[in-house]
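Input: a single structure, listed below in structure tokens.
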Amino acid sequence: MAEIVPLGEAVRELVHDGDVVALEGFTHLIPNAAGHELIRQGRRELTLVRMTPDVVYDQLIGMSCARKLVFSWGGNPGVGSLHRLRDAVEHDWPGPLELEEHSHAGMAAGYAAGASGFPFGIVRGYEGTDLAERTRVRWIECPFTGEQLAAVPAIRPDVGIVHAQQADEAGNVQLWGISGVQKEAVLASRRSIVTVEEIVPALEPRPTAVFLPGWTITAVALAPGGAHPSYAHGYYDRDNAFYLRWDEISRDRESFRAWMERHVLDREASPV
Amino acid sequence: MAEIVPLGEAVRELVHDGDVVALEGFTHLIPNAAGHELIRQGRRELTLVRMTPDVVYDQLIGMSCARKLVFSWGGNPGVGSLHRLRDAVEHDWPGPLELEEHSHAGMAAGYAAGASGFPFGIVRGYEGTDLAERTRVRWIECPFTGEQLAAVPAIRPDVGIVHAQQADEAGNVQLWGISGVQKEAVLASRRSIVTVEEIVPALEPRPTAVFLPGWTITAVALAPGGAHPSYAHGYYDRDNAFYLRWDEISRDRESFRAWMERHVLDREASPV
Amino acid sequence: MTVATPMYTADEMMAVAAARRLRNGTVCFVGIGLPSQAANLARATHAPESVLIYESGTIGAKPRHLPLSIGDGALAETADAVVSVPEIFSYWLQGGRIDVGFLGAAQIDPHGNLNSTVIGDYERPKVRLPGAGGAPEIAAWCHETFVMLRQTTRTFVERLDFLTTVGRPRGGGAGVTCVVTDLGMLEPDAQTGELVMTELYPDVTAEDARQATGWELKVAPETRTVEPPSDVELEALRALEPTTGETVRT
Amino acid sequence: MTVATPMYTADEMMAVAAARRLRNGTVCFVGIGLPSQAANLARATHAPESVLIYESGTIGAKPRHLPLSIGDGALAETADAVVSVPEIFSYWLQGGRIDVGFLGAAQIDPHGNLNSTVIGDYERPKVRLPGAGGAPEIAAWCHETFVMLRQTTRTFVERLDFLTTVGRPRGGGAGVTCVVTDLGMLEPDAQTGELVMTELYPDVTAEDARQATGWELKVAPETRTVEPPSDVELEALRALEPTTGETVRT
């Protein structure tokens, strides 16, 4: 049964240096508050996993939290590059960053396999691409048709972190709208943290809702606004202006550092 | 885009003797009206596919529509045996019935593979059972861990038939409540028929709803009450008394024939 | 209203005995019949926070009455979530997140292997049974599995007519850890894995159990005698009885 | 309000040219930027029943304005259905039910192979690009794929720095059937599969196209001249412009 704890405590107890950590979110409900707490607590040597790393991963990389990135598309959606990610890959600043890259289909299959307890998932893809040599893909043959398919290893993070709209007192969680791979990320992970906009007396079923029972979650933490600058369907809209601004802020190492100190390091975890 | 046609016409044009046909439904929304239309039109040599064959499959088998059954659990839920199924297997009456049986997990994986365009799905099961020799399972090795897993062939019916609560004028379909493998059955099939309780001006999104776009469906047919004696969530309850009565009706070949003539053969397809 | 000396049926004793083994908060994968009775009884008495998962895709179902089928509307209406059948068997069952799975069977052998496929020869069976359903993967992937069936020389056999479900699978779970019968309970020997009669119901002797078993039944030196169902347990159990099967059309 | 002789940008010409190739009712798999513009323009003009699927899991999205990201709330609010990302890539994309996929790229070669991974050496890239995303499976499993990118000697190269996406994959689809650039359109030769310039925009010459291509560009003997965007097309396209990025908190 999920414990409801302050975000700072959840991160302190569940995320350790060197862990494989997936902060998932597909443009919606991105766990930015949890990412900022990882930065404040100075986690190091993390393997960061996410299909679509964006601003918060750019921040984690620029603040030296990561040694490796597992991903399938890394950019500032609708804007352009992630300058901190590029700086790490192109110039080893603030340190070298190992990459393991997939296609979306491959990574989604890896998460689904992880959630199902399978050692691998299958994709009809990768064939003929240079990607196949750069990712952890193996070829298997269909025992019925002889067709060759790509096998991708199950994704099994040490910690899965997602943001949701609501939890109840028992730590059951409901999120709705675009749900990405959040369910798979939580179920595939050994430990999990879910930050939520609010804790409600009872979760009322909704269209498109994904429900995660409290007994599948390690910790739930209250973090209102915790998805900003992404959005929380029914709570607040995407701060598109910030994504555009981030392109400026993150272009330059000094302005990036200054922004992080002012807006993340000097801030407390969202009070509970 | 799905055509909205009378059930009789849909069955006449889309289901042929010898076809592989899946009438799916996991205790809820079982397409009984469509099954009765298959019987009235005298389809023969069908390979019937379903995880949980119940009364309507008992009827199809007893009326000589089937040459083969692909299934994972065949019984009268909460009551006991399917006597027509047993009579066919135990005494070849009205004719012999070939069986291909799976576990639920295996068959669910086969449907999901069919819907995904994969030639096979994987299951961590079958090992050490006599089932492995009686079903179409092959062993594959995980290329990363060496673990042995069972591969089950994709299920790809010629025709997938399901029952839903609602369709709109464009042939989009929505069903809610327990949804079983209906989405997979429709998406895995070459052609599909969806019978519905009613056609509404607009489908309003609901909790637990499964939406099937009209462009994934071949034909939609109006069949109010078409799931009886199973139920249609929000429309009518399960006719538990009928399932109990079926045990009596179907025990004896003559009483079975008499009932079928009276209640199925002499009836018209539900008018539209 | 309670009765001084409770009268009860063999099925009621079985359901009560199985229910007592469920700790509060246990996540159970249940089928219809005795397992559903036992799990719902536990939820109605000492284990209110137990989570019931039915293979129809209902997670956290809380039916007031026992469903006749595993897909009854009451399960969907009272569930925390309803997911597809492929998801239940992948993310939830094979994902290894279920504590206790319940199974019935037509035959069981000394190592807890189960037959729910055929009696007699497969090609020309004497009795064609419903088949595997979820059983093989339930036994393989729940942390432990309870089997519930009546104990007779026809059901407790040295050799199964067909091996549908492996009692001690090489899966994620411990396999069959407990067999609840109408005479008492059996548990596998820690070394050999052979089922041993460890508990007997009131007025049942070890000899009764041996007589009802198709192999040389091992009986524990100190068999515990199971407490009969209490008034509270019986009332809770009977309150779960399904409502009549008459259909309501709306 | 319409303008006598419409002025338009290169991007607008590209969006219009791509939109015109979509028949009504086409099921499109679209990303952000020009593809999203083209598909929504088609929906707003001659192809109102076209179905837009975004990889964020929104099926049948009908945004009034162009989303800045593929996961904007407007997509979920206007969609017929919202499914998980694993489902979009399995049941929907690899399931082979999508007519037209749209892709952009940083580089394209004469056979329609695409690079969206790195410029320069992979280990020490000059420019690290976002990566594959959905591209390899979109090209493999949509019935056909339209590529949209500007035509320069830096983007149209004899040899890719990295092959992210195969132009003529051994998948279910035909692969890249059309490349829409800021000069015109290319289509693969039926025999060789090599891209041939088949259509040119107003005031663009075959020589312009050759100059802007990093290989010996083949030009069709009879290149069609593309009609400039009509007033109706331009108005519809401009009406789709995203609203300002200011955030609304509720």
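Chain A is the first sequence line, chain B the second, and so forth, proteins listed ahead of strands; every chain is numbered from 1.
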Is [X] close to chain B through its backbone or its side chain, or both, or neither, when contacts mean heavy atoms under 4.5 Å?
X        : answer
C:Thr117 : side chain
C:Glu87  : neither
C:Pro125 : both
C:Val127 : both
C:Ser56  : both

In terms of heavy-atom pairs under 4.5 Å with chain C, which of [options] leads?
options                               : result
B:Leu131, B:Leu85, B:Thr52            : B:Leu131
B:Lys183, B:Gln182, B:Glu90, B:Glu127 : B:Glu90
B:Ala108, B:Pro207, B:Ala105, B:Gly80 : B:Ala105
B:Asn76, B:Asp92, B:Leu82             : B:Asp92
B:Gly75, B:Ser81, B:Ser103            : B:Ser103

Is [X] in contact with chain C via its backbone, its side chain, both, or neither, using a 4.5 Å heavy-atom distance?
X        : value
B:Thr208 : side chain
B:Tyr231 : side chain
B:Ala109 : neither
B:Glu184 : side chain
B:Val210 : neither
B:Met107 : neither

With rounding to the nearest 0.5 Å, note down the distance linking [atom1] in [X] to [atom2] in [Y].
X        : Y        : atom1 : atom2 : value
C:Ile88  : B:Ile178 : CD1   : CD1   : 10.5 Å
B:Gln148 : C:Arg170 : CD    : CZ    : 7.0 Å
B:Arg124 : C:Glu137 : CZ    : CD    : 11.0 Å
B:Asp87  : C:Arg128 : CG    : CZ    : 14.5 Å
C:Leu114 : B:Thr129 : CG    : OG1   : 12.0 Å
B:Glu101 : C:Thr164 : CD    : OG1   : 8.0 Å

Heavy-atom closest pair, residues [X] and [Y]:
X        : Y        : value
B:Arg86  : C:Lys126 : NH2-O, 4.2 Å
C:Ser84  : B:Ser179 : CA-OG, 4.3 Å
B:Val181 : C:Pro86  : CG1-CD, 3.4 Å
B:Gly177 : C:Val82  : O-CG1, 3.6 Å
B:His233 : C:Gly73  : CE1-O, 4.0 Å

Next item on the list: Spell out, as yes or no, whether a donor-acceptor pair under 3.5 Å connects the side chain of C:Arg124 to the backbone of B:Val89.
Entry: yes
Note to self: If you count every heavy atom of other residues, nucleotides or ligands that lies below 6.0 Å from C:Lys218 atom NZ, does the total exceed 12?
What the structure shows: no
Next item on the list: Check whether more than 12 heavy atoms from other residues, nucleotides or ligands sit under 6.0 Å from atom CZ of B:Arg251, and answer yes or no.
Entry: yes
Next item on the list: For B:Glu133 and C:Tyr122, test the side chains for any donor-to-acceptor distance below 3.5 angstrom and give the result as yes or no.
Entry: no
Notebook entry, point to check: Between C:Gly133, C:Gly134, C:Ala135, C:Ala81, which shows the greatest number of heavy-atom pairs under 4.5 Å with chain B?
Noted result: C:Gly133
